[in-house]
2 protein chains.
Amino acid sequence: MSEPRWLDGQEREAWLSLAALMFVLPAALDSQLQRDEDLSMADYMVLAMLSETGDRQMRMSDLAALASTSQSRLSRIVSRLEQKGFVSRTMAAEDRRAVVAHLTDHGMAKVEQAAPGHVEAVRSMVFDRLTDEQVGQLAEIGRALLTDACTPHRALPADGHPQGTACP
Amino acid sequence: MSEPRWLDGQEREAWLSLAALMFVLPAALDSQLQRDEDLSMADYMVLAMLSETGDRQMRMSDLAALASTSQSRLSRIVSRLEQKGFVSRTMAAEDRRAVVAHLTDHGMAKVEQAAPGHVEAVRSMVFDRLTDEQVGQLAEIGRALLTDACTPHRALPADGHPQGTACP
DNA sequence: GACATACTGTTGACACATCAATAGTTGCAG
DNA sequence: CTGCAACTATTGATGTGTCAACAGTATGTC
């Protein structure tokens with residue numbers, strides 16, 4: 001293996017910041033939701049995604065992709081949400097492999113109750129600290145990093161995606 | 001509670017991207033390190049931080065802050081790393097409460113072995129997708145979000161930091 | 001139409017993180 | 001110098017995520 005291309009000074013600083021963010025932000029948001037609403041960030045994402053569909057329901061696999069989680073993780077999340085009465089599961093009519101998760105009224109009420117505190121947390125931790133211009137830059141950077149994010153980091157021949165990632 | 005300030009269109013898009021990133025990036029990096037080196041991202045961060053000090057050693061509390069983890073999490077991480085022979089723990093001479101983690105030669109060799117693959121992964125997932133200008137913007141945004149990141153999201157009276165977060 | 005292949009969702013076993021409680025230590029206030 | 005508050009690190013209990021294996025279903029090919 002040849003000598004890798006190391007990170008230069010600016011890349012290094014950007015990376016240290018991004019890495020720290022990936023540790024701190026989820027922890028802080030999880031903490032707020034857990035404390036105030038007894039939900040994890042992932043739970044909230046799933047409920048929020050469901051609440052924004054027209055008919056409050058979605059196939060598990062689509063939901064997993066939208067919430068950027070593995071199918072296995074989503075399955076456990078939905079199980080918990082189902083136990084709490086926020087979501088119900090039914091089999092899909094057109095494809096008997098598929099399962100459709102449906103947001104109950106109770107679940108809808110829960111999202112609406114949780115949303116203000118969560119949004120306020122996001123605001124105080126992120127957007128209150130950025131200029132409008134930076135918000136635009138961040139959106140653009142996010143788009144760049146997420147488009148085709150599932151290209152393997154190195155071309156490993158005949159090595160498909162390790163089942164379960166959010167990569168279709 | 002008054003009606004919260006919701007996110008506008010651009011904030012919303014930026015947030016959805018950032019949230020997706022916070023799910024996907026750590027998972028992908030963890031996956032690479034786990035597969036190739038049997039290390040978690042947090043393990044690697046701790047080893048890397050230690051390797052960059054002058055004397056390869058640091059107090060647990062300082063290490064926790066630098067790696068952006070809770071003390072409790074760090075304690076378990078260092079336990080695992082110690083079991084594998086990458087790190088050793090000794091009591092601090094000047095403060096008998098404190099513990100100093102020390103990177104062993106074996107641990108140093110491990111970081112040096114793991115670094116190229118990890119850096120390559122970071123490169124392919126992040127920096128290869130950004131322009132130089134965007135890298136600068138990202139560094140700036142990271143700085144803005146991390147400075148004083150421990151200010152509570154809302155002023156809760158007499159409600160100290162819930163022990164264990166990376167907030168001094 | 002029968003077989004091979006790919007897809008969907010779930011689960012058992014395991015690894016890991018978090019929370020709260022703890023023991024030991026320091027340092028300051030009176 | 002004594003007692004109280006704050007700090008440091010660890011740990012038991014619990015909840016959650018990950019990986020690999022699995023059963024059931026769809027799709028395409030001959």
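Naming: A, B, ... by sequence-line order, numbering from 1 per chain.
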Quiz item: Relative to the 5' end of DNA chain D, which residue comes earlier, B/S61 or A/I77, by the nucleotide with the nearest heavy atom?
Solution: B/S61
Self-check item: C/dC19 base / B/S72 side chain donor-acceptor hit below 3.5 Å
Solution: yes
Quiz prompt | Earlier contact from the 5' end, DNA chain D, for A/Q34 and A/E94 | solution = A/Q34
Exercise. To the nearest Å, give me how far apart CZ (A/F23) and P (C/dT18) are.
Key: 10 Å
Self-check item: Heavy-atom closest pair, residues A/D8 and A/Q10
Solution: OD1-N, 3.0 Å
Self-check item: Phosphate-side-chain proximity, B/R73 and D/dT10, N/O vs OP1/OP2 below 4.0 Å
Solution: no
Quiz item: Is any side-chain N or O of B/R59 closer than 4.0 Å to OP1 or OP2 of D/dT8?
Solution: yes
Quiz item: Relative to the 5' end of DNA chain C, which residue comes earlier, B/D95 or B/A42, by the nucleotide with the nearest heavy atom?
Solution: B/A42
Quiz item: Nearest nucleotide by nearest heavy atom, which residue falls closer to the 5' end of DNA chain C, A/R76 or A/V99?
Solution: A/V99
Quiz item: For the pair made of CD in A/Q83 and P in C/dT11, what is the distance, rounded to whole Å?
Solution: 11 Å
Self-check item: A/R143 bridged to A/E140 by N-O distance under 4.0 Å
Solution: yes
Quiz item: Between B/H118 and B/Y44, how do the two ring planes meet: parallel, tilted or perpendicular, split at 30° and 60°?
Solution: tilted
Self-check item: Separation of C/dA23 P from B/Q71 CD (nearest whole Å)
Solution: 18 Å
Practice problem: Map every base of DNA chain D to its dot-bracket character, where paired means a Watson-Crick or G-U wobble contact with both distances under 3.5 Å and | marks a partner outside the strand. | Solution: ||||||||||||||||||||||||||||||
Exercise. Return the value, rounded to whole Å, for the distance between atom CD of B/E82 and atom C1' of D/dT10.
Key: 12 Å
Quiz item: Can you check the B/L74 CG to C/dT18 P distance for me, whole Å?
Solution: 12 Å
Quiz item: Ignoring hydrogens and angles, are the base of C/dT10 and the side chain of A/R97 linked by a donor-acceptor pair under 3.5 Å?
Solution: no
Practice problem: Would you kindly check whether a donor in the side chain of B/R96 faces an acceptor in the base of C/dG27, or vice versa, at under 3.5 angstrom? | Solution: no
Quiz item: Of B/V24, B/V126, B/L18, which is the lone residue that meets side chain to side chain contact (heavy atoms under 4.5 Å, CB included) with A/L145?
Solution: B/V126
Self-check item: Whole-Å distance separating the CG atom of B/L81 from the P atom of C/dC16
Solution: 10 Å
Self-check item: Between C/dT8 (C1') and A/M58 (CE): distance, integer Å
Solution: 16 Å
Exercise. Please state how far atom CE in B/M41 lies from atom C1' in C/dC16, giving the value in whole angstrom units.
Key: 16 Å
Quiz prompt | For the student: nearest non-hydrogen atoms of B/R123 and A/W6, plus distance | solution = NH2-O, 2.7 Å
Quiz prompt | Joint cluster assignment, B/L74 & B/V100, ILVMFWY side-chain distance < 4.5 Å | solution = no
Quiz item: Just checking, is any N or O donor in the side chain of A/Q32 or A/D36 under 3.5 Å from an acceptor N or O on the other one?
Solution: yes
